[in-house]
Number of protein chains: 2
Amino acid sequence: MLKIGELASKTGLTAHTIRYYEKNGLINASQRSEVGYRCYNESDVRQAEFVRTARRIGFSIADVAALLSIRVDKTNHTCQDVTEITQRKLKDVSEKITELRSMQKTLQILLNSCSGGPENAYHCSIMEALDASNSQAVRGRA
Amino acid sequence: MLKIGELASKTGLTAHTIRYYEKNGLINASQRSEVGYRCYNESDVRQAEFVRTARRIGFSIADVAALLSIRVDKTNHTCQDVTEITQRKLKDVSEKITELRSMQKTLQILLNSCSGGPENAYHCSIMEALDASNSQAVRGRA
DNA sequence: GTTGACCTTAGAGTTTACTCTAAGCTTATA
DNA sequence: TATAAGCTTAGAGTAAACTCTAAGGTCAAC
């Protein structure tokens with residue numbers, strides 16, 4: 001039976017985070033010591049590791065809660081339930097990537113257009129591009 | 001001279017957002033009407049458009065504030081000042097993309113491993129992968 | 001027997017960028 | 001003239017996921 005600090009170092013979470021997850025129903029201590037300390041058994045530890053793994057992959061806390069509810073009652077859930085969550089997350093991630101790539105491209109174009117040197121910014125082409133909202137560099141995201 | 005609602009529809013921001021930007025020093029109305037309405041002249045409008053453009057590209061509010069301080073005093077700032085901000089932002093964006101790509105890859109591996117069918121989740125390989133923290137799919141992000 | 005590390009709780013604070021509300025005045029339209 | 005749309009302010013609420021604080025109890029070691 002581990003105390004919270006031990007679970008923390010075992011999982012790489014902080015004790016604060018573990019209590020926060022508990023408040024959100026992701027992790028629980030199946031027992032308390034006589035003085036009220038949280039005690040985690042092997043099954044609790046596995047659940048905590050599940051949570052940490054899922055969070056690390058990018059699932060939100062709500063996603064993890066959904067995955068856990070499947071995990072504790074696998075026979076009443078289908079693979080489809082699981083893949084739905086995963087697919088939705090993949091879609092989110094992919095959309096975010098598309099958006100960021102567009103930003104990346106724009107920023108790179110801006111950087112390419114400017115010397116970046118010590119001369120004053122009076123004719124800086126980045127500033128000019130930002131000033132002209134009809135500029136080529138920026139129009140990509142309109 | 002535009003009122004806030006007119007500036008809003010011209011820039012695609014909301015009046016709420018414009019006031020919020022004002023509070024953060026990004027946009028200001030160089031005049032007020034007799035009854036206290038904000039009045040924006042051409043220069044104010046250009047600044048608002050600058051802000052909107054820079055935000056759209058992905059600059060944070062702090063970034064935009066920095067760019068504006070250069071904008072209003074170009075002769076005392078260098079191209080280097082501008083490219084530094086842009087480069088830092090490009091680095092942020094690129095790092096975020098790397099992180100998300102890794103998530104994307106992991107999620108795709110999970111999806112590929114699972115049928116996603118209506119059978120129950122007892123042997124769902126996604127759940128198994130999340131349970132086994134030493135799984136191949138997940139280890140990539142450790 | 002006292003220091004220091006660890007545990008408890010409730011609850012507030014952080015970050016970013018809005019978004020909305022309430023209460024009230026102004027302006028345009030019918 | 002009534003109604004609706006628009007403007008004002010200060011300040012609260014939202015989202016996500018922590019992160020920290022205060023005030024206090026517990027435990028192992030020197």
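Per chain, numbering begins at 1; letters A, B, ... match sequence-line order.
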Exercise for the section: Output yes when R38(B) and E22(B) qualify as a salt bridge under the 4.0 Å nitrogen-oxygen rule, no when they do not. Expected result: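 Result for this pair is yes, salt bridge flagged.
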
Interatomic distance, [X] [atom1] vs [N] [atom2] [rounded to whole Å]:
| X | N | atom1 | atom2 | value |
| --- | --- | --- | --- | --- |
| R19(B) | dT19(C) | CZ | C1' | 12 Å |
| K96(B) | dT16(C) | NZ | P | 13 Å |
| I18(B) | dT19(C) | CD1 | P | 13 Å |
| Y21(B) | dT16(C) | OH | P | 14 Å |
| E22(B) | dT19(C) | CD | C1' | 17 Å |
| K23(A) | dT8(C) | NZ | P | 14 Å |

Stretch [range]: residues that reach within less than 4.0 Å of DNA chain C through a heavy atom:
| range | result |
| --- | --- |
| residues 28-48 of chain B | V35(B), Y37(B) |
| residues 3-15 of chain B | none |
| residues 62-69 of chain A | none |

Problem - Partner set under side-chain contact (heavy atoms from CB on, under 4.5 Å) for E95(B), not counting sequence neighbours - result: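 Once residues adjacent in sequence are excluded, the partners of E95(B) under the side-chain contact (heavy atoms from CB on, under 4.5 Å) criterion are K91(B).
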
Practice task
Give the other cluster members for V35(B), using side-chain heavy-atom distances under 4.5 Å between Ile, Leu, Val, Met, Phe, Trp and Tyr residues; answer none if it is isolated.
Solution key: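 Y37(B), all in the cluster of V35(B).
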
Exercise for the section: Would you indicate whether K105(A), at its atom NZ, is surrounded by more than 12 heavy atoms from other residues, nucleotides or ligands within a distance under 6.0 Å? Expected result: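 Counting neighbours around NZ of K105(A), 12 or fewer heavy atoms of other residues, nucleotides or ligands fall under 6.0 Å, so no.
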
Exercise for the section: Any pair with a residue in residues 109-126 of chain A that passes salt bridge (Lys or Arg N to Asp or Glu O under 4.0 Å), sequence neighbours left out, goes on the list, sorted by first then second residue, please. Expected result: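 Qualifying pairs: none.
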
With sequence neighbours excluded, what pairs up with [X] under the side chain to side chain donor-acceptor pair (under 3.5 Å) test?
| X | value |
| --- | --- |
| S9(A) | none |
| E6(A) | none |
| R71(A) | D131(B) |

Problem - Student check: side-chain heavy atoms of R55(B) and Y21(B) closer than 4.5 Å - result: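 Yes, at least one pair of side-chain atoms sits under 4.5 Å.
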
Exercise for the section: Using a 4.5 Å cut-off on heavy atoms from C-beta on, say whether the side chain of I27(B) contacts that of D44(B). Expected result: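 Side-chain contact under 4.5 Å: no.
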
Exercise for the section: Please name all residues satisfying salt bridge (charged side-chain N to carboxylate O under 4.0 Å, His left out) with D92(A), sequence neighbours left out, ordered by chain then number. Expected result: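 With sequence neighbours excluded, D92(A) shows a salt bridge (charged side-chain N to carboxylate O under 4.0 Å, His left out) to K89(A), given in chain and number order.
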
Practice task
Could I get the full list of salt bridge (charged side-chain N to carboxylate O under 4.0 Å, His left out) partners for E42(B), not counting sequence neighbours?
Solution key: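 Residues passing salt bridge (charged side-chain N to carboxylate O under 4.0 Å, His left out) with E42(B): R46(B).
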
Problem - Interatomic spacing from CD in E84(B) to SG in C79(B) - rounded to 0.5 Å - result: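 So the CD of E84(B) and the SG of C79(B) are separated by 12.0 Å.
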
Problem - Along DNA chain D, first and last positions that approach a heavy atom of chain B under 4.0 Å - result: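 Taking any atom under 4.0 Å from a heavy atom of chain B, the span is dG6(D) to dT9(D).
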
